[in-house]
Amino acid sequence: MPELPEVEVTRQRIAPLLLGRAIAEVATTRPSYFFLTTPARLRRALAGRRADALERRGKYLVARLDDGSRLVLHLGMTGQLFSSAVSSPRLLRASARAILAPEAQAPFTPDEHTHLRLRFADGGPEVWMRDARKFGKVLWLAAGASDERLDRLGPDALEASGAALFAAGRGRRVAVKSFLLDQAVLAGVGNIYADEALFGAGVRPARAAGRVTRAEWERIAVALRRVLARSIETGGSSISDFVAPDGRDGAYQDERRVYDRAGAPCLACGTPIRRRVIGARSSHYCPRCQR
DNA sequence: ACCGCACCCTGAGCGC
DNA sequence: TGCGCTCAGGGTGCGG
């Protein structure tokens, strides 16, 4: 699932394919809640435009277009943003993935889940967005228009500050894990990195946010910044559907200490990692290392 | 204001 | 080798 590191890796690698190229034509799937702008409006708005910058805000990607409007993308759970020139096993169903040898992979061809296709005037590789579960989002903002979703976002998690978290968490009874997932508190943290950071800080995910000490918040902030930066460095976590625009897999899944390791020994003390549902999200922690 | 939870969707992975 | 079932999960919105 794409969280801050996966979105950042996507941004870095899709930017060269997107920036400075005039969009000639846009194809979309039918209207659905995936599109926060009607597909027809989106097609009209993007045709003839050129993206001059691609920014990341938490888990959102924001492309600034040459007329001052903005294209906003969210990858949701299963969103994939990639080039038509790429073939990756993650663009296939798991059944097909299991059968096909890597060298037998044909380039991906758009399917019913490929909701957005940008064709460019230069005739080069297209940029495609695919999302099987449609938890992702596409919207278009006219020049000067603002959007609640973006306005609500807290500071970027790469700049997590212990003091700010401590201040924001005062009096809150919600679990620290759920608190970290609140994008208004900190933008970009998702389930994997919240679990990993809490392990790194030695704090149990179910603790009330308001009961986390100043020193613990500082450790959480440090752990978050470290875990997120390291994941970006390694190309993100290629768990489930995440595919980088160039088709390369990330490696951070190999460095994870607790996420999806229930029952496996804690890498620090050997105690079996526990799984517990908090705020309808599975949480993984070491009962001995995390207090 | 805060918090818990249902909902949106579909593929994976189970049990038989 | 198939079928039907359950589950996951980001973000939003609603009810308590």
Side-chain angles (χ1 to χ4, degrees), chain A residues 1-8 10 29-37 56-62 72-81 88-100 108 111-115 129-139 147-154 156-157 167-196 205-212 228 236-243 253 256 258-263 275-284:
Chain A
M1 58 216 92
E3 303 181 28
L4 186 154
E6 291 75 33
V7 176
E8 177 60 21
T10 299
T29 50
R30 304 170 60 78
S32 69
Y33 72 94
F34 180 80
F35 294 103
L36 296 175
T37 308
R56 182 187 57 75
R57 299 272 329 269
K59 300 178 202 171
Y60 288 90
L61 287 173
V62 182
V72 182
L73 308 175
H74 194 291
L75 299 176
M77 281 284 304
T78 51
Q80 304 170 320
L81 190 61
S88 161
R90 293 187 188 278
L91 293 168
L92 305 170
R93 288 192 157 81
S95 49
R97 205 181 290 162
I99 298 165
L100 278 182
F108 173 78
D111 59 3
E112 75 271 27
H113 302 307
T114 311
H115 299 298
M129 184 173 180
R130 180 172 182 264
D131 187 355
R133 272 177 217 179
K134 288 199 277 201
F135 280 15
K137 294 276 173 282
V138 176
L139 76 144
D147 183 76
E148 260 291 301
R149 290 157 224 272
L150 296 179
D151 294 344
R152 258 204 304 269
L153 294 177
D156 197 82
R170 290 190 75 155
R172 299 287 300 268
R173 283 184 297 181
V174 70
V176 59
K177 163 72 182 285
S178 305
F179 184 75
L180 289 176
L181 294 181
D182 183 346
Q183 302 298 297
V185 169
L186 210 51
V189 182
N191 211 25
I192 299 174
Y193 300 102
D195 279 4
E196 293 298 319
R207 289 258 304 279
R211 302 227 136 173
V212 174
L228 294 171
S237 296
S238 285
I239 294 172
S240 74
D241 296 285
F242 172 65
V243 58
Q253 66 278 5
R256 98 201 115 93
V258 286
Y259 182 79
D260 205 18
R261 291 194 66 244
R275 176 185 182 275
R276 194 191 146 175
V277 176
I278 298 170
R281 299 285 176 267
S282 62
S283 301
H284 313 78

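In what follows, chains carry the letters A, B, and so on, assigned in the order in which the sequence lines appear, proteins first and then strands, with residues in each chain numbered from 1. Everything numeric here is computed off the predicted structure, so don't read it as measured data. Keep in mind that the numbers below use all heavy atoms, side chains included, and drop hydrogens, waters and symmetry copies.
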Reference residue A:H284; test side-chain hydrogen bond (donor to acceptor under 3.5 Å, both in side chains); the match among A:D195, A:D260, A:N191
A:D195
Tell me what A:F179 touches on the nucleic acid: a base, only sugar-phosphate, or nothing, going by heavy atoms under 4.0 Å.
nothing
Could you check whether A:A280 gets within reach of a base, just the sugar-phosphate, or nothing at all, counting any heavy atom under 4.0 Å?
nothing
A:R130 side chain near B:dG11 phosphate (N/O to OP1/OP2, under 4.0 Å):
no
Which listed nucleotide (C:dG10, B:dC9, C:dT12) is nearest to the side chain of A:R133?
B:dC9
In this structure, how many angstroms lie between the P atom of C:dG11 and the CG atom of A:D147, rounded?
13 Å
Looking at A:Y33, I'd like to know whether one of its side-chain N or O atoms comes within less than 4.0 Å of OP1 or OP2 on C:dG13.
no
Please check the phosphate of B:dG11 (OP1 and OP2 only) for any side-chain N or O of A:H113 closer than 4.0 Å.
yes
Scanning both residues in full, the closest heavy-atom pair of A:A157 with A:V189 reads CB-CG2, 3.5 Å
Length of the line joining A:I278:CD1 and C:dA8:P, which is rounded to integer Å:
14 Å
Tell me the interatomic distance from A:E148, atom CD, to C:dT12, atom P, rounded to whole angstroms.
9 Å
Could you check whether A:D156 pairs with A:R56 (Lys NZ or Arg NE/NH1/NH2 to Asp/Glu carboxylate O, under 4.0 Å)?
yes
Tell me: CZ of A:R170 to P of B:dA1, nearest whole Å?
19 Å
Measure the distance from CD on A:E6 to P on C:dG10 and round it to the nearest whole Å.
11 Å
Measure up the A:F34 and A:H115 rings against each other and bin them: parallel (under 30°), tilted (30 to 60°), perpendicular (over 60°).
tilted
Using OP1 and OP2 only, check whether a side-chain N or O of A:R281 sits under 4.0 Å from C:dA8.
no
Could you tell me the separation between the CG atom of A:L181 and the P atom of B:dC5, rounded to a whole number of Å?
15 Å
Any side-chain heavy-atom pair of A:T114 and A:F108 under 4.5 Å
yes
State which of C:dG9, B:dC9, B:dC2 makes the closest approach to the side chain of A:R172.
B:dC2
Side-chain N or O of A:H74 closer than 4.0 Å to phosphate OP1/OP2 of C:dG11
yes
State which of B:dT10, C:dG10, B:dC3 makes the closest approach to the side chain of A:R173.
B:dC3
Looking at A:Q183, does any N or O in its side chain come under 4.0 Å of the phosphate oxygens OP1/OP2 on C:dG10?
no
Looking only at side-chain N and O atoms, does A:S282 come under 4.0 Å of OP1 or OP2 in C:dG9?
yes
Phosphate oxygens OP1/OP2 of C:dG11: is one of them under 4.0 Å from a side-chain N or O of A:K59?
yes
A:Y259 near the nucleic acid: base, sugar-phosphate alone, or nothing, with a heavy-atom cut-off under 4.0 Å?
sugar-phosphate
Among C:dG11, B:dT10, B:dC8, which nucleotide has an atom closest to any side-chain atom of A:F135?
B:dC8
Atom-pair distance (CG on A:N191; C1' on C:dA8), nearest Å:
10 Å
Of the options B:dG11, C:dG9, C:dG11, whose atoms approach the side-chain atoms of A:A132 most closely?
B:dG11
What is the separation between atom CD on A:E3 and atom C1' on C:dG11, rounded to the nearest whole Å?
13 Å
Any strand is fair game: report the nucleotide pairing with C:dT6 by Watson-Crick or G-U wobble, both distances under 3.5 Å, or none.
B:dA12
Taking A:Q183 for the side chain and A:G188 for the main chain, is one N or O donor matched with an acceptor at less than 3.5 Å?
yes
